[in-house]
Undergrad: 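Take a look at this one; I'll ask things after.
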Amino acid sequence: MQEPKVSQRDQFVSKIGFILAAAGSAVGLGNIWRFPYLAGKNGGGAFVLFYLSCVIVLGFGLMLAEFIIGRHTQLSSVDAFKKLDKRFTFVGGMGVLAAFIIMGYYPVVGGWSVAYIFKTLFGELSTDAAVMGGAFESLIEGMFSPIFWTAIYMIANIVIVVKGISTGIERASKVMLPTLFGLLIILVIRSLTLPNAAEGLRYLFVPDFSKLTGDVMMAALGQAFFSLSLGMGCMITYASYLSKKENLVENATIVPILDTLVALLAGVVIIPATVSFGFDLDSGPGLVFVTVPAIFATMGPIIGRIFGFIFFFMIAIAALTSSLSLLEVVVSYLIDNRGWDRKKAVTITSIILFIICIASSLSMGIWKDKKLMDMNIFDLLDWFANNVLLPLGGIFITLFVGWFWDKDKVKAEVTNDGSIKFTLFNVWIFLCRFIIPIIILLVLLRGIGLI
Ligand code: TRP
């Protein structure tokens with residue numbers, strides 16, 4: 001049913017629509033591509049456990065803080081902060097920058113998944129690590145082909161974001177998210193019935209604390225932010241389109257649960273299969289693209305290809321519902337703050353982002369050796385956004401809500417003017433004041449090597 005509009009600002013028209021869009025933003029390459037390869041690279045169980053602790057302690061609290069800011073102001077992040085407290089406007093600015101940086105490489109991986117939709121259908125499918133690894137490398141190291149697929153992926157984003165919230169993003173998310181769940185379950189069953197699956201599960205879930213170094217903790221924290229779309233005002237922006245009747249606490253609980261479920265399922269698909277085939281757990285960004293086609297190869301040529309097609313199609317849509325939200329952060333800033341119209345904002349932003357994506361893509365191939373701090377352009381963008389900008393954003397957002405915003409106003413917003421009970425209000429404020437900023441700060445300092 002159509003809700004009456006509070007202002008002429010576009011809104012999510014249904015409750016489930018918002019949950020799916022917010023979850024659609026959260027669930028993306030972060031869960032299916034990044035989480036499994038980080039878990040593989042950073043020693044498995046200890047990383048996963050620390051990641052889960054970050055989600056529980058920080059994820060819920062920060063997401064709620066972002067929802068409250070967004071819905072209260074009905075403005076995207078820069079203007080939201082500007083309206084609430086001018087001194088914090090830079091936090092919104094940092095967020096727009098982070099969205100820009102992430103969108104400078106995210107579509108490249110989105111492009112790989114689009115390419116793999118066709119590769120699994122028509123290309124080589126083998127359980128041999130060398131063959132699948134070779135196929136992946138030849139794709140990402142190429143000049144034109146990955147850029148071509150990135151372009152296709154970008155165009156899909158543009159088409160949806162141009163349409164705005166209720167018709168574009170909401171409608172797309174409603175179909176995509178449920179499909180994704182169904183497919184993951186099928187893959188979990190296949191992966192767990194492979195020989196040696198138990199060993200992979202052990203790697204993923206039994207922590208070896210000697211592996212929990214500063215770097216690993218920082219990676220887990222960064223991944224929690226990235227996966228939940230936190231720390232850069234993305235959820236502020238989405239919640240700015242949310243009706244005043246919604247229960248924010250409920251939303252801030254459901255979304256992290258859904259997101260974590262998808263990440264864990266993806267881990268359970270990929271890690272045991274990687275171990276079972278004897279692939280390298282430490283193979284980084286290629287892990288999903290090498291391991292999963294190999295799982296499909298075991299299902300026989302025809303079934304394998306069909307499932308492969310569906311799987312990469314699903315990754316592409318999961319990625320799409322996330323990059324939409326990233327693009328929306330930049331676009332809504334240009335609309336709200338600079339007075340641009342939507343079409344102009346989307347077009348110009350996308351062209352600039354596409355150019356950065358070309359650089360990221362080439363840094364996997366001909367620019368492989370151009371490195372700063374031992375990272376190529378792609379890795380550098382990823383590291384700087386996720387391990388630095390998002391955690392810093394998280395510190396400032398929670399400090400703002402905890403210390404600088406009138407507590408009564410916060411309470412009125414979160415309880416919908418007293419009509420909803422939130423018994424843990426004081427606990428949550430305490431989290432925002434002390435626990436969340438301090439934990440983030442400690443992990444950051446440890447990650448940089450200062451403590
Ligand atoms: N969470 C998404 C993923 O897991 C990526 C993403 C979308 C994101 N919006 C964001 C990351 C905002 C950080 C901030 O793929």
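All ligand and atom numbering here is 1-based and tracks the order in the structure. No experiment lies behind these values; they were computed from the predicted model shown. Below, each value reflects all heavy atoms present in this structure, side chains not excepted, and no hydrogens, waters or symmetry copies.
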Undergrad: Is the charged tip of R87 near the ring of F404: under 6.0 Å from the six-membered ring centre and within 45° of its axis?
TA: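 That pair does not qualify as a cation-pi contact.
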
Undergrad: Looking at residues at least two apart in the chain, or sitting in another chain, which of them share a side chain to side chain donor-acceptor pair (under 3.5 Å) with K368?
TA: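 Side chain to side chain donor-acceptor pair (under 3.5 Å) check on K368 returns E141.
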
Undergrad: What pairs with K119 under side chain to side chain contact (heavy atoms under 4.5 Å, CB included), at least two apart in sequence or on another chain?
TA: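 Applying side chain to side chain contact (heavy atoms under 4.5 Å, CB included) to K119 gives Y116, L139.
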
Undergrad: For a quick test of reading the model, state the closest non-hydrogen atom pair linking I152 to V114 and the distance between them.
TA: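 Looking at all heavy atoms of both residues, the shortest contact is CG2-CG1, 4.4 Å.
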
Undergrad: How long is the span from the CG atom in N42 to the CG atom in L281, to the nearest 0.5 Å?
TA: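 The distance works out to 11.5 Å.
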
Undergrad: What residues sit with at least one heavy atom under 4.0 Å from ligand 1?
TA: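 Residue list for ligand 1: S25, A26, G28, L29, G30, N31, I102, Y106, F226, S227, S229, M232, C234, S322, S325, L326, L390.
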
Undergrad: Excluding sequence neighbours, so at least two apart, what forms side chain to side chain donor-acceptor pair (under 3.5 Å) with N337?
TA: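 By the side chain to side chain donor-acceptor pair (under 3.5 Å) rule, N337 matches D79.
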
